[in-house]
Peer 1: 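Before I ask anything, here is the structure I am working with.
As the structure lists them, so they are numbered: ligands from 1, and atoms in each ligand from 1. Since the structure is predicted, the reported quantities are computational estimates derived from the model, not experimental observations.
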Amino acid sequence: MTDTQNIQEKHVTGATIWLTGLPSAGKTTIAYELAGRLREEGHRVEVLDGDEIREFLSAGLGFTREDRHTNVQRIGFVAELLASNGVKVLVPVIAPYEDSREAVRKRHASEGTPYVEVHVATPVDVCSVRDVKGLYAKQAAGEISGLTGVDDPYDEPRNPDLRIESHTQTVQESAATLHALLTERGLA
Ligand SMILES: Nc1ncnc2c1ncn2[C@@H]1O[C@H](COP(=O)(O)OS(=O)(=O)O)[C@@H](OP(=O)(O)O)[C@H]1O
Ligand SMILES: Nc1ncnc2c1ncn2[C@@H]1O[C@H](COP(=O)(O)OP(=O)(O)O)[C@@H](O)[C@H]1O
């Protein structure tokens, strides 16, 4: 393959990279770090941020099992559309249920669109200290309930493409490990 072909290939091969994990695990931070790096290399990148999606595409949905499933399927649908058109789609969304994640994986497989599942496996005690949005404190104070990983389920991914231990490394190291996996798969 010539250098020109290689560059063209890089720019047209889309993929969905789904970062699943507990609130405050580091999904969003790692996604934006990687997005910056991929953009610098000339890739087309979109970050489908859970909070933004819930304001528009999933407005009105809550945090019941059914609503979370619907939310994840909608995001999976949009991600696949973008990825099949050459975009690297980074999805920092909790996606707590294995069956929801598997449905998204299957949608990508049936369309032949690359899909990478990353478990940002930060332990709940670390997440609850980070507590970026104050949700763990609110749950502890009895102001909210149904918080993923505390009093709501999180199905640990059994066979993710990558597991990131964000509590043992820097954001840059986490993003670099993920970037290395994408390179290995011909996606970066
Ligand atoms: N009860 C409860 N449980 C989990 N998360 C909660 C909850 N209430 C609000 N939030 C905030 O909403 C963000 C989760 O939205 P997601 O769309 O990623 O979740 S899901 O996949 O539909 O379960 C999530 O964002 P992140 O912290 O970035 O993960 C939370 O900040
Ligand atoms: N290695 C790391 N990877 C990701 N985030 C980290 C790391 N180390 C510390 N953090 C911090 O943890 C917090 C994670 O927040 P965020 O990315 O919003 O989590 P999530 O999107 O999973 O809810 C941020 O304040 C970030 O700076």
Side-chain angles (χ1 to χ4, degrees), residues 16-38 45-80 89-105 107 115 117-157 160 162-181:
T16 294
I17 298 113
W18 196 297
L19 297 103
T20 170
L22 302 179
S24 293
K27 306 180 296 294
T28 311
T29 306
I30 296 168
Y32 280 104
E33 179 71 24
L34 179 66
R37 195 164 163 178
L38 291 172
V45 181
E46 286 292 342
V47 180
L48 299 183
D49 192 301
D51 291 329
E52 280 172 22
I53 296 279
R54 278 179 170 276
E55 259 187 63
F56 299 103
L57 187 65
S58 289
L61 292 184
F63 293 93
T64 60
R65 189 188 208 291
E66 196 184 18
D67 280 2
R68 289 180 195 259
H69 180 76
T70 302
N71 181 42
V72 167
Q73 298 319 297
R74 285 181 188 172
I75 296 169
F77 176 80
V78 174
E80 197 285 321
V89 188
L90 308 183
V91 188
V93 167
I94 298 174
Y97 295 109
E98 185 172 7
D99 57 353
S100 305
R101 295 192 300 260
E102 276 316 296
V104 173
R105 182 192 286 282
R107 170 180 289 279
Y115 182 78
E117 182 180 272
V118 180
H119 180 201
V120 183
T122 315
V124 68
D125 53 325
V126 176
C127 295
S128 65
V129 171
R130 290 182 180 170
D131 204 9
V132 179
K133 295 173 189 161
L135 293 173
Y136 291 91
K138 281 190 182 155
Q139 192 281 335
E143 291 166 25
I144 61 163
S145 61
L147 182 62
T148 303
V150 181
D151 59 353
D152 215 53
Y154 179 74
D155 300 342
E156 297 267 327
L162 179 66
R163 189 168 277 122
I164 290 179
E165 312 275 344
S166 92
H167 50 299
T168 65
Q169 53 188 210
T170 65
V171 176
Q172 289 72 21
E173 284 168 338
S174 298
T177 307
L178 179 47
H179 188 275
L181 175 69

Peer 1: Residues around ligand 1, heavy atom under 4.0 Å from any ligand atom, sorted by chain and number. Can you pull those?
Peer 2: Pro23, Ser24, Lys27, Thr28, Asp51, Arg54, Phe63, Arg68, Asn71, Val72, Val93, Ile94, Ala95, Pro96, Lys133, Leu135, Gly146, Leu147, Thr148

Peer 1: Looking at Ala25, which atoms of ligand 2 are within less than 4.0 Å of one of its heavy atoms?
Peer 2: 19 (O), 20 (P), 22 (O)

Peer 1: Give the atom numbers and elements of ligand 2 that come within less than 4.0 Å of a heavy atom of Leu22.
Peer 2: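 With Leu22 as reference, the close atoms of ligand 2 come out as 22 (O).
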
Peer 1: For Ser174 and Ser166, does a side-chain donor sit closer than 3.5 Å to a side-chain acceptor?
Peer 2: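 Side-chain D/A pair, Ser174 to Ser166: absent.
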
Peer 1: Could you tell me whether the side chain of His167 reaches within less than 4.5 Å of the side chain of Asp125, counting heavy atoms only?
Peer 2: no

Peer 1: Looking at Arg101 and Asp155, what are the two nearest heavy atoms and their distance?
Peer 2: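 What the structure gives for the nearest pair is NH2-O, 2.8 Å.
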
Peer 1: Are Ile53 and Arg74 close enough that some pair of their side-chain heavy atoms sits under 4.5 Å apart?
Peer 2: no

Peer 1: Hey, does the Lys NZ or Arg CZ of Arg68 hover above the aromatic six-ring of Tyr97, less than 6.0 Å from the centre and inside 45° of the axis?
Peer 2: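 Relative to the ring axis of Tyr97, which defines the angle, Arg68 lies outside at least one limit.
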
Peer 1: Side chain or backbone of Lys27 under 4.0 Å from ligand 2, or both, or neither, by non-hydrogen atoms?
Peer 2: both

Peer 1: Strictly below 4.0 Å, N to O, side chains only: are Glu102 and Arg105 in salt-bridge contact?
Peer 2: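 Here Glu102 pairs with Arg105 in a salt bridge, since their nearest N and O are under 4.0 Å apart.
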
Peer 1: Given Thr168, Leu135, Val132, which has its nearest heavy atom closest to atom 15 (O) of ligand 2?
Peer 2: Val132

Peer 1: Can Arg54 be said to sit on top of Phe63's aromatic six-ring, NZ or CZ under 6.0 Å from centre and within 45° of the ring axis?
Peer 2: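 Cation-pi check for Arg54 and Phe63: passes.
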
Peer 1: Donor-acceptor check, side chain of Lys27 to backbone of Gly21, threshold 3.5 angstrom: yes or no?
Peer 2: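 Flag set: sc Lys27 to bb Gly21 pair under 3.5 Å.
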
Peer 1: Heavy-atom distances under 4.0 Å are what count here, so tell me which part of Ser174 touches ligand 2: side chain, backbone, both or neither.
Peer 2: side chain

Peer 1: For atom 9 (C) of ligand 2, what is the closest protein heavy atom, and at what distance to 0.1 Å?
Peer 2: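 Going by distance alone, atom 9 (C) of ligand 2 is nearest to Arg130 NH2, 3.5 Å.
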
Peer 1: Any idea which heavy atoms bring Thr20 and Pro157 closest together, and the distance?
Peer 2: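 Here Thr20 and Pro157 meet closest at CG2-CG, 3.9 Å.
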
Peer 1: Holding to salt bridge (charged side-chain N to carboxylate O under 4.0 Å, His left out), I want the full list of residues that pass it with Lys133, two or more places apart in sequence or in another chain.
Peer 2: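 Once residues adjacent in sequence are excluded, the partners of Lys133 under the salt bridge (charged side-chain N to carboxylate O under 4.0 Å, His left out) criterion are Asp51.
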
Peer 1: Which atom names give the shortest non-hydrogen contact between Cys127 and Leu22, and what distance separates them?
Peer 2: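 Heavy-atom minimum between the residues: SG-CB, 4.1 Å.
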
Peer 1: If you count the atoms of ligand 2 from 1 in the order shown, which ones are under 4.0 Å from a heavy atom of Pro23?
Peer 2: 23 (O)

Peer 1: Is the closest N or O pair between Gly26 and ligand 2 shorter than 3.5 Å?
Peer 2: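 Right, the criterion is met.
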
Peer 1: Under 4.0 Å, heavy-atom basis, I'd like to know which part of Ile30 is in contact with ligand 2: side chain, backbone, both or neither.
Peer 2: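 Answer for Ile30: side chain.
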
Peer 1: Where's the contact between Val120 and ligand 2, heavy-atom distance under 4.0 Å: side chain, backbone, both or neither?
Peer 2: neither

Peer 1: Using a heavy-atom cut-off of under 4.0 Å, does the side chain or the backbone of Thr170 touch ligand 2, or both, or neither?
Peer 2: backbone

Peer 1: With heavy atoms only and a cut-off of under 4.0 Å, state how Gln169 meets ligand 2: side chain, backbone, both or neither.
Peer 2: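 Looking at Gln169 and ligand 2, just backbone atoms fall under 4.0 Å.
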
Peer 1: What protein heavy atom sits nearest atom 16 (P) of ligand 2, and how far off is it?
Peer 2: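 Protein heavy atom at minimum distance: Thr29 OG1, 3.5 Å.
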
Peer 1: How close do Thr148 and Pro153 get, heavy atom to heavy atom, and via which atoms?
Peer 2: CG2-O, 3.7 Å

Peer 1: For a quick check under 3.5 Å, do Ser58 and Asn71 share a side-chain donor-acceptor pair by atom type?
Peer 2: yes

Peer 1: In terms of residue, atom name and distance, what is the protein heavy atom nearest to atom 23 (O) of ligand 2?
Peer 2: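 For this ligand atom, the closest protein heavy atom is Ser24 N, 2.7 Å.
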
Peer 1: How close does the nearest protein non-hydrogen atom get to atom 21 (O) of ligand 2, and which residue and atom is it?
Peer 2: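 Here the closest protein heavy atom is Thr28 OG1, 2.4 Å.
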
